[in-house]
There are 6 protein chains.
Amino acid sequence: MSRIDGRTPEQLRPVTIERGWSKHAEGSVLVSFGDTKVLCTASFTEGVPRWRKGSGEGWVTGEYSMLPRATNTRGDRESVRGKIGGRTHEISRLIGRSLRAVIDYKALGENTVVLDCDVLQADGGTRTAAITGAYVALADAVTWAQGKKIVKAGRKPLVGTVAAVSVGIVDGTPLLDLRYEEDVRADTDMNVVCTGDGRFVEIQGTAEAEPFDRKELNTLLDLATAGCADLATIQRAALEGTLGA
Amino acid sequence: MSRIDGRTPEQLRPVTIERGWSKHAEGSVLVSFGDTKVLCTASFTEGVPRWRKGSGEGWVTGEYSMLPRATNTRGDRESVRGKIGGRTHEISRLIGRSLRAVIDYKALGENTVVLDCDVLQADGGTRTAAITGAYVALADAVTWAQGKKIVKAGRKPLVGTVAAVSVGIVDGTPLLDLRYEEDVRADTDMNVVCTGDGRFVEIQGTAEAEPFDRKELNTLLDLATAGCADLATIQRAALEGTLGA
Amino acid sequence: MSRIDGRTPEQLRPVTIERGWSKHAEGSVLVSFGDTKVLCTASFTEGVPRWRKGSGEGWVTGEYSMLPRATNTRGDRESVRGKIGGRTHEISRLIGRSLRAVIDYKALGENTVVLDCDVLQADGGTRTAAITGAYVALADAVTWAQGKKIVKAGRKPLVGTVAAVSVGIVDGTPLLDLRYEEDVRADTDMNVVCTGDGRFVEIQGTAEAEPFDRKELNTLLDLATAGCADLATIQRAALEGTLGA
Amino acid sequence: MSRIDGRTPEQLRPVTIERGWSKHAEGSVLVSFGDTKVLCTASFTEGVPRWRKGSGEGWVTGEYSMLPRATNTRGDRESVRGKIGGRTHEISRLIGRSLRAVIDYKALGENTVVLDCDVLQADGGTRTAAITGAYVALADAVTWAQGKKIVKAGRKPLVGTVAAVSVGIVDGTPLLDLRYEEDVRADTDMNVVCTGDGRFVEIQGTAEAEPFDRKELNTLLDLATAGCADLATIQRAALEGTLGA
Amino acid sequence: MSRIDGRTPEQLRPVTIERGWSKHAEGSVLVSFGDTKVLCTASFTEGVPRWRKGSGEGWVTGEYSMLPRATNTRGDRESVRGKIGGRTHEISRLIGRSLRAVIDYKALGENTVVLDCDVLQADGGTRTAAITGAYVALADAVTWAQGKKIVKAGRKPLVGTVAAVSVGIVDGTPLLDLRYEEDVRADTDMNVVCTGDGRFVEIQGTAEAEPFDRKELNTLLDLATAGCADLATIQRAALEGTLGA
Amino acid sequence: MSRIDGRTPEQLRPVTIERGWSKHAEGSVLVSFGDTKVLCTASFTEGVPRWRKGSGEGWVTGEYSMLPRATNTRGDRESVRGKIGGRTHEISRLIGRSLRAVIDYKALGENTVVLDCDVLQADGGTRTAAITGAYVALADAVTWAQGKKIVKAGRKPLVGTVAAVSVGIVDGTPLLDLRYEEDVRADTDMNVVCTGDGRFVEIQGTAEAEPFDRKELNTLLDLATAGCADLATIQRAALEGTLGA
């Protein structure tokens, strides 16, 4: 099977990570996975939510949103409807959990980082692009805080790297990094969040049509693990680059 | 390691499924996984949501909620706060997707089943108990509709069975069907939804503390698959029983 | 006139009070008035709302809700609609006022009891069953607090007992404890809350169709007073019983 | 006991009913019970809510609200808070029920009257003033509709008159028509809605402190019945007056 | 062109300012511009919002609302809809800004005045009547606070006077103080807020149909400036009067 | 006075208009006024809101929003707070009115264009950049609809061009196109929306500190008119360019 954009089944879309996109945020990244573009900002503030005060530990949280015309058909703004939909909630929570997996709360100290991931254009994989970009924004925000001595000298709040990718079975073929047109046709859809050393932070697999068996699962996990490793390389290159530094 | 309630690592808590619990609902089940008790009602109504009208196909959806004092500390009512939390949204959506996996929409016809899963008492595994119980309530509601000829003769809206169980790694030991005290101590927490023939409908694994590797994942999946098979047996027995019939 | 379930006009439905229904709450009761089933939990917490701090006095409040399929037709969840309906508000306030009538705030000390009354199945009289059950849950929570020495030795926060019943005029006949089918046909509908010594805490009478005169009112009050006395006996028996103890 | 404003226990405050207060509404009344001032407008519109369409019957409903500075201390606007409080809900529903008690839905035809009762200044008894004034606004709106032939010739949608008054026991003395200062000191507080022929539409009695017995209840009902009769006389005089004068 | 009520183009409607309308508020005014009637109350409270604490400076804010039947067709209550519309927000903010323009925050001290402007009857120009009336209510509240020594002796929180009027071009003719029927037919609609010495606090001009040029703008500003001067005279007379004093 | 970025008082910041920014929207523009960046998308859909059906006329509306970290300090999301703030409402309404000023509803036919203006980075003048960019997005969407024959041949829905700019008096000097640092220090702040032929669509001037007189107003209007003319030239150039075509 040839994919609509000519990729092989195990190939990522072109991925770009543009650091320093916003002049205000402590870390900010415009990440693109093909036509999916997400603006990720990391807002570093001193202090923690009330329930964590006095613990000596920090906190990291995420908020995901889509611009109304990020998609092919305009969606209503959640602010206008007055409530946040289930999908938005779910992805916001996933982003927060994923990034917290590589944070040493003690080393962060009583500081909070909020990762805002706003989808400017959507073409499948918005949550995985968001996590992948948010990691780089988080790294920049932590570096900023170290420079400002808000994080104490010698402390390393980041204990690893994290990236995410989608995989799915379309017409019987397991594919990496699905575009929207592939995603809607997928029988099984899985989002995998990995650390840079190849371990899992989160696995969310859903049988959209037909339930999947253990063999299919294994094939998807192989694809995803390799994809995340490629993303980790791209993240490393972006952080070594001169952009926004 | 011995578990707080004396179970072996691969053992379910006592599971009971009490059918016909409510006189009003077309299907209703009080399911318990140990001290976790969930009231699942299936409301069968003719007609479908607007976006599905004229398709000849039905729809199945879920709503999850917890009574304020289902837990050790009283929680605010979401109706009083005026909005539904992310966790509630996430689980409601999971219940809906899980049950839709065993539905033939065409055979259901333009009818809707809403599965309300209200947690009366919580002790870990509320979402997995909810899915397991909701399946039985759904089966009863479908039988009711067949009896009323609302579902046409010869049509089989249910194309399989579905059950769910949690697994996790606690102090290095993989455990099946976690109680609350085990759940909060788990490094990795996974909810697995399987069909009766052992395939996966949904896998949601989260590294709460330490990321997990492929080997740990495989151990957890083995445990969960076996647990779901046991639950399928219990579901079958309940549906063959005389309770509520 | 013979009633649909064979009762005499002045007869209560079978009433059961099952204590200790929930393992988490300080007091918990599953109360049934015939097919009406309400789960009442009493949550005892130290401290009072801000406006009462430093007064040395406690507070008691109630929250009423119905499961979506407690009734014959599924109702929307108030949490999903994002607002609480007028009827829910009204009954929650009634429950709070009724229970506060038998509380000595000074003896309770700066502690709060929240009475959650969740209707699991409705067949008329849900608010009166809720009040009657909530009293028993409250009594258990107070006993718990005395055992824990949170309420000081020798203090008696409960200064009486309280129970409630509905009465109405159906086809010209005054009836006690209306089922749903009777309630919708009633010309006059009244809910009466009495203390164990036969005095009134609350009287809410509404002419649903025809206004009622003083004579009809007196007949209804006679019926209700006798019904509340019967309920007080049942409450006393429940509290003396061994259930849940 | 002498009352703060020198009234006898069974005396109403000065009551004024100013018709035709608003040029837009089909019926509008500024009613005052002493310093309590309520603007009542009756909006008559053709058509009924969806659930009543095709029935040939009309509908009457009420909405109560208080201006933020109607009281001694400014209250938050419910529109700003984004939700309606329980007290507002309760009174709105009471107003609707009270006025519906004197409506012949068939004679009204498929038309709707909304009674808006906005408290401009509060000094106790706002709900009873609202009901008393709303009746006159409703009567004017019905007359308007008869004039416009929207209500068919010969039809009498109003089958009676309705008025309301508060009574309570303050320092052991039963009092009619309580001012705010009396209301907060009352042991028992009762709102009574009567038809012009002396029958009851609604009785809402609450023991604020001490439960009340049958004898006290009877005394209060005597007071209220007489008070409502006085109000009916005032209403009749207002309707015989020369509009707006 | 002759206007519907016989006024000349540069003539205000009859304006009345009735002080001391409410017994509770520190300042209260019923202002009418023809048939437009707005109840303006000024609530003076000690203390300021959190973000201003410790600054030694006060705060003034406004809230605008319309009774549902203030207009020809009944509108839904914003409290019932659960959210405030854009128009309400816009006018509330305008009222606050306009009144703050004549306040010396330091002289006011850490006190807050809330100006509630509730439209009882609308016939165009509700926001300009609200500002004009709110100024008088504010002046009375400041005088009250000076009398109570809450504002320190010798301090003058009010540094000027403020009034507002609408102007517009209807069928080519510039008109002052538009009634509703004129307003809906206006090509250009402008609200102008002036201080008593003829300077501008706020100019909001909108081309409803055809854009307007500099010459038309100048004509409208001339009209508005003269209208505001007339209103300032009326305000002065009201404050010198004996009404409500 | 020299400005922080070295501009003369009557000079715009560098303005860029990047067309075709989003692949989904019928028109999309990333507009920047210096560091202020706004993504404007025009969503063209057939059909109109219910109140306009059958009129043969179209509709144009706007929605403005800011990403949480568009500013120096992170703001709460309005979707999370559950309500839209007054400022957002006000600007959304201004955008809609401004663009409708250059639309011939008849020529547009029963079609709707929604202009979403999302501020990605804010440095003053976000509403004026939004209007200026939205015009270009609207022009592209209209061209798209003409190409698709959704707008009938020969019809010209756009009857002019529209642009907007802010002006203000800072330390006594009138300045064009204020940056954030200038805006917060301005005594008077004015937003002016002009058509390409130099007429006014909207003037909103506010005295932030000191009221302004007619002479200052005239100076500001001169500045704004010249600034809008420059913006019209830039818009024309962008639309003649090859970007996104």
Side-chain angles (χ1 to χ4, degrees), chain A residues 20-30 32 34-46 61-85 88-89 92 112-123 134 137 141 179-180, chain F residues 20-30 32 34-46 61-85 88-89 92 112-123 134 137 141 179-180:
Chain A
W21 207 84
S22 154
K23 74 168 188 173
H24 297 301
E26 287 71 37
S28 68
V29 156
L30 183 66
S32 65
D35 282 338
T36 289
K37 298 183 193 178
V38 185
L39 179 54
C40 307
T41 60
S43 296
F44 194 108
T45 50
E46 301 184 50
T61 185
E63 285 193 11
Y64 169 95
S65 188
M66 244 193 213
L67 295 200
R69 195 55 199 278
T71 50
N72 194 43
T73 308
R74 186 177 181 275
D76 289 341
R77 282 178 195 270
E78 295 187 320
S79 58
V80 170
R81 272 189 286 140
K83 52 183 167 182
I84 292 180
T88 298
H89 256 144
S92 293
T112 299
V113 187
V114 180
L115 297 156
D116 284 293
C117 299
D118 286 88
V119 180
L120 305 187
Q121 188 169 277
D123 188 24
R179 292 185 53 175
Y180 178 73
Chain F
W21 207 84
S22 154
K23 73 169 191 175
H24 297 302
E26 286 71 35
S28 69
V29 156
L30 182 67
S32 64
D35 282 338
T36 289
K37 298 182 193 179
V38 186
L39 179 53
C40 308
T41 60
S43 296
F44 195 108
T45 49
E46 300 184 52
T61 186
E63 285 193 12
Y64 169 94
S65 188
M66 246 194 211
L67 294 200
R69 195 55 200 277
T71 50
N72 193 43
T73 307
R74 185 177 183 273
D76 288 341
R77 283 178 194 271
E78 295 186 320
S79 58
V80 170
R81 273 190 286 142
K83 51 183 167 184
I84 292 180
T88 298
H89 256 143
S92 293
T112 298
V113 187
V114 180
L115 296 157
D116 284 292
C117 300
D118 286 87
V119 180
L120 306 188
Q121 188 170 277
D123 188 24
R179 291 184 54 175
Y180 179 73

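Residue numbering restarts at 1 for every chain, and letters A, B, ... go by the order of the sequence lines. Source: prediction; values computed, not measured.
- A distance of 7.0 Å separates CG in A:Leu120 from CG in F:Leu67, rounded to the nearest 0.5 Å.
- A:Thr41 touches chain F through its side chain: at least one heavy atom from C-beta onward sits under 4.5 Å away, while N, CA, C and O do not.
- Residues satisfying the salt bridge (charged side-chain N to carboxylate O under 4.0 Å, His left out) criterion with A:Glu63, sequence neighbours excluded, are F:Arg74, F:Arg77.
- To the nearest 0.5 Å, atom OG of residue F:Ser22 and atom NZ of residue A:Lys37 are 8.0 Å apart.
- In this structure A:Thr71 satisfies the side chain to side chain contact (heavy atoms under 4.5 Å, CB included) test together with A:Met66, A:Ala122, sequence neighbours excluded.
- Comparing F:Leu39, F:Val114, F:Thr45, F:Thr73 by heavy-atom pairs within less than 4.5 Å of chain A, the highest count is held by F:Val114.
- Proximity to chain F involves both the backbone and the side chain of A:Val80, based on heavy atoms less than 4.5 angstrom apart.
- What you find for A:Pro68 and F:Asp118 is that their closest heavy atoms are CD-OD1, 4.1 Å.
- Contact detail for F:Gln121 and A:Lys23: the closest heavy-atom pair is OE1-N, 2.7 Å.
- Proximity to chain F involves both the backbone and the side chain of A:Asp116, based on heavy atoms less than 4.5 angstrom apart.
- Residues A:Arg69 and F:Ser43 approach most closely at NH1-OG, 3.0 Å, considering heavy atoms.
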